[in-house]
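Quick notes on the structure that follows.
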Amino acid sequence: AVRRFAVEAGLRRALDHDELALVYQPVWSIAEERFVGAEALIRWEDPERGTVSPAEFVRIAEESGLIVPIGRWVLEEACRSLARWSELGHELAACTMSVNISAVQLRSASFTSTLTEVIRTKGIDPSLLCLEITESVLMGEVAYYSEALSRVQSFGVRLSIDDFGTGYSSLAYLRRFPADELKIDQSFVADLGSDSYDDPLVAAMIAIGDSLGLRVVAEGVERVEQLAILRDLGCRYAQGYLFARPCRFDECVEYLSALLH
Ligand code: C2E
Ligand code: MG
Ligand code: MG
């Protein structure tokens, strides 16, 4: 309770004192062998503790409702970056920006108006913005969110199912959830090539994505052997330390403009 209280108070201060930051992890196109976009990931630059990762504070932010103003800041900052790189040149103009959205944000009454306002004020092309929603959120509650999600899509914004494969094995929500992308959770990618069920499971997930016409992205790719298997299985996009770690805006721009490979 003491820790929660401290984190909550710290987060309020972080919002007011500009201590939140985004890092960007580039997304690799396996077929084209180049970066085609990036995912924005939040960090908290605590003056006392240094860089704090989202695993340590997103949950508390959700439970306290602070995720709503924090999520708004993330969306604004990510769209500002998207607008900046879109202006930098022809290659960058088609690169996408993915933003993680919490269920608590989706439930808040202001979510869709915030989204339209950010798109308008930052002047971005909505089809270059992709909102990532964790699969576990969608399980069972998809009817509850489907109106908000359909509205998001009616603006031209894309939707991605994050951590695919980690929910409770019901595929029923895929019938109603209007997704554009599916991200295979890194836990399935980790053991690719070892004597496990992960190869056939990943093959099956890629087949599901392909047959539904979704863009499939493998997360957490760290080794060349994993990439080779993913390529053989027909996976077209990947993210992971093998290609690029989450990095600052300027470094991400270098990746996206193909300066580093
Ligand atoms: P996620 O959206 O599934 O993001 C992928 C996580 O895997 C990131 O951790 C990323 O740094 C890490 N990662 C990338 N490549 C590799 C790899 O090759 N190996 C390994 N082991 N890890 C890799 P991070 O940045 O700590 O974020 C953790 C989670 O926190 C995210 O999972 C997402 O669910 C949440 N999150 C991050 N930023 C935000 C945000 O702005 N808003 C909300 N609501 N949640 C966020
Ligand atoms: Mg994500
Ligand atoms: Mg994920």
Side-chain angles (χ1 to χ4, degrees), residues 25-33 35-39 41 96-103 106 127-154 156-243:
Q25 185 176 38
V27 179
W28 181 254
S29 163
I30 297 176
E32 297 166 74
E33 300 200 311
F35 291 108
V36 290
E39 175 179 3
L41 297 158
T96 55
M97 175 70 85
S98 297
V99 178
N100 294 286
I101 301 292
S102 150
L106 269 184
S127 70
L128 297 177
L129 179 64
C130 182
L131 304 185
E132 298 191 0
I133 296 143
T134 314
E135 183 186 54
S136 53
V137 165
L138 300 168
M139 312 289 311
E141 290 185 280
V142 70
Y144 187 76
Y145 295 112
S146 61
E147 199 190 313
L149 294 173
S150 305
R151 285 187 57 198
V152 167
Q153 272 192 326
S154 73
V157 173
R158 291 174 190 275
L159 290 172
S160 175
I161 304 171
D162 206 348
D163 307 331
F164 185 72
T166 58
Y168 293 98
S169 72
S170 161
L171 295 175
Y173 76 89
L174 283 174
R175 286 203 301 242
R176 284 201 263 162
F177 177 58
D180 301 285
E181 180 184 275
L182 177 162
K183 298 187 89 167
I184 300 175
D185 190 64
Q186 53 190 43
S187 60
F188 296 97
V189 173
D191 290 331
L192 277 180
S194 64
D195 237 354
S196 68
Y197 279 122
D198 287 336
D199 294 26
L201 281 174
V202 168
M205 289 189 241
I206 293 168
I208 289 173
D210 283 349
S211 58
L212 294 171
L214 312 182
R215 181 171 121 137
V216 179
V217 184
E219 290 191 294
V221 180
E222 294 180 355
R223 300 188 308 272
V224 280
E225 310 88 77
Q226 294 167 326
L227 172 61
I229 293 167
L230 288 165
R231 192 187 285 116
D232 286 348
L233 294 176
C235 184
R236 284 184 295 156
Y237 299 92
Q239 247 177 297
Y241 298 164
L242 177 65
F243 311 102

*Check for a donor-acceptor pair, side chain of Asp180 on one end and backbone N or O of Leu159 on the other, with a separation under 3.5 Å.*
yes
*Mind checking whether Thr96 and Val27 have side chains closer than 4.5 Å, heavy atoms only?*
no
_Heavy-atom side-chain proximity of Ile161 to Ile133 below 4.5 angstrom_ = no
*asked:* Give me the atom names and distance for the closest heavy-atom approach of Leu233 to Ala203.
replied: CD2-CB, 3.8 Å
*Do any N or O atoms from the side chain of Gln153 and from the backbone of Pro178 form a donor-acceptor pair under 3.5 angstrom?*
yes
*asked:* Ignoring hydrogens, what is the shortest heavy-atom contact between Leu230 and Ala218? Give both atom names and the distance.
replied: CD1-CB, 3.6 Å
*Can you see which heavy atom on Ala238 is nearest to which on Ile30, and at what distance?*
CB-CD1, 4.0 Å
_Side-chain touch Leu149/Leu106, heavy atoms, less than 4.5 angstrom_ = yes
_Whether over 12 other heavy atoms sit under 6.0 Å from Arg215 CZ_ = yes
*Taking all non-hydrogen atoms of both residues into account, name the closest pair between Val36 and Ser29 and its distance.*
CG1-CB, 3.7 Å
*Is any side-chain heavy atom of Val216 less than 4.5 Å from a side-chain heavy atom of Arg236?*
no
*Out of curiosity, Ile184 CD1 to Asp163 CG, how far, rounded to the nearest 0.5 Å?*
12.0 Å
*asked:* To the nearest 0.5 Å, what is the distance between CD1 on Ile101 and CG on Leu131?
replied: 4.5 Å
*Keeping the roles fixed (side chain from Glu135, backbone from Thr166), state whether a donor-acceptor pair exists under 3.5 Å.*
yes
*Check for a donor-acceptor pair, side chain of Arg158 on one end and backbone N or O of Ser127 on the other, with a separation under 3.5 Å.*
yes
_Quick check: closest heavy atoms across Phe188 and Gly165, and the distance to 0.1 Å?_
CZ-O, 3.3 Å
_Any side-chain heavy-atom pair of Leu182 and Leu212 under 4.5 Å_ = no
*Evaluate the ring planes of Phe35 and Trp28, with Trp represented by its six-membered ring, and classify them as parallel (under 30°), tilted (30 to 60°) or perpendicular (over 60°).*
perpendicular
_Partners passing salt bridge (charged side-chain N to carboxylate O under 4.0 Å, His left out) against Glu222 (at least two apart in sequence or in another chain)_ = none
*Could you walk me through whether Glu39 and Ser98 pass the side-chain hydrogen bond (donor to acceptor under 3.5 Å, both in side chains) test, one step at a time?*
CA-CA 4 Å; Glu39 175 179 3; Ser98 297; over 6 Å; no
*Any idea which heavy atoms bring Gln226 and Gly220 closest together, and the distance?*
OE1-O, 4.2 Å
